[in-house]
Amino acid sequence: MVRTFLKIAFWVFSIIGVFLMLASFILFALSINSYIISTGITSSESEYKVSYNEVENAVKSRNASDNRDIHKKPQEDIRSIPELHEKSQDEEEQLINEIRKSLKAGGIRFYEAYLEQLRQFMKHNISDKNVRIEYFKGLKAIVELAPIQDINTYIGEYHKQFMEKYQAYLNKKIEHRELAIIFLSVGFACFITSLMFSMVVALLSIERNTSEMLSQIKPL
């Protein structure tokens with residue numbers, strides 16, 4: 001009776017131990033995956049990039065009664081300027097200078113103060129330079145394509161959409177970082193528990209073998 005009980009307990013604890021060990025490895029893998037996502041290694045600028053069409057559609061939806069044709073870009077846009085190729089110039093500063101020249105060429109008033117305000121906002125609120133570069137790339141496209149009379153509306157809408165997308169991107173990273181911590185904690189708990197079950201299985205195995213050896217000893 002005792003040997004039967006030990007045998008059943010041995011197999012039960014063995015199965016539970018193996019299950020917990022596998023679960024811990026799976027959770028460890030999930031935690032690593034969530035951590036990688038949270039660091040932004042696998043992400044791209046497409047997650048917070050805002051196109052001109054998105055801004056245009058948003059502006060048009062608020063101005064449904066406006067029948068102006070803003071789809072077609074003029075054949076000669078006085079705000080379009082040649083690309084700069086100074087290797088020594090920082091890419092972010094280069095984009096800002098191109099935007100500045102485009103606004104000035106288009107006769108936009110108070111452009112300098114407005115552009116500097118956007119620049120300072122991005123500098124103090126977004127530490128990732130690649131994100132700032134992507135922001136100014138999009139802003140450059142807006143400045144070059146948007147109707148001059150509605151340039152402020154287009155810039156404001158672009159800024160709003162970009163920051164909303166970027167905030168969603170940050171929230172996603174935070175969620176995955178929290179998931180990584182949860183997966184890692186539960187996985188570690190499963191691993192420790194599986195080790196405890198393994199110790200119990202080892203003790204049961206010793207007890208079973210000892211019981212079998214004693215049963216085979218014949219009394220003198």
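The residues Lys60 and Asp150 are annotated as not salt-bridged, no charged nitrogen and carboxylate oxygen being separated by less than 4.0 angstrom.
Of all heavy-atom pairs spanning Gly187 and Ser24, the tightest one is O-CB, 3.2 Å.
Rounding to the nearest 0.5 Å places CG of Asn97 at 12.0 Å from NZ of Lys140. Atom OH of Tyr154 is separated from atom CD1 of Ile142 by 8.5 Å, given to the nearest 0.5 angstrom. To the nearest 0.5 Å, atoms CG (Asn171) and NZ (Lys173) are separated by 11.5 Å. The NE2 atom of His159 lies 8.5 Å from the CD atom of Gln117; values are rounded to the nearest 0.5 Å.
With sequence neighbours left out, the side chain to side chain contact (heavy atoms under 4.5 Å, CB included) criterion links Ser185 to Ile181. Taking Glu175 as the reference, nothing meets the salt bridge (charged side-chain N to carboxylate O under 4.0 Å, His left out) condition, with sequence neighbours excluded. Residues forming a side chain to side chain contact (heavy atoms under 4.5 Å, CB included) with Phe19 (at least two apart in sequence, or on another chain): none. In this structure, the side chain to side chain contact (heavy atoms under 4.5 Å, CB included) partners of Lys137, at least two apart in sequence or on a different chain, are Glu91, Leu95, Ile133, Glu134. Scored by the side chain to side chain contact (heavy atoms under 4.5 Å, CB included) test, Glu178 finds Ile174 as partners (sequence neighbours excluded).
Note: Phe162 and Tyr166 have parallel aromatic rings, judged against thresholds of 30 and 60 degrees for the angle between ring planes.
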Candidate pair Lys165 and Glu54, rule side-chain contact (heavy atoms from CB on, under 4.5 Å), full reasoning: CA-CA 12 Å; Lys165 284 191 174 184; Glu54 291 178 285; 2.8 Å; yes
Please assess Tyr135 against Ile126 for the test side-chain contact (heavy atoms from CB on, under 4.5 Å), listing each intermediate value before the final yes or no. CA-CA 10 Å; Tyr135 173 86; Ile126 298 180; over 6 Å; no
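Put simply, the side chain of Glu98 does not reach to within 4.5 Å of the side chain of Glu93, judged on heavy atoms.
Pairs of residues two or more places apart, or lying in two chains, never qualify as salt bridge (Lys or Arg N to Asp or Glu O under 4.0 Å) while including a residue from residues 10-30.
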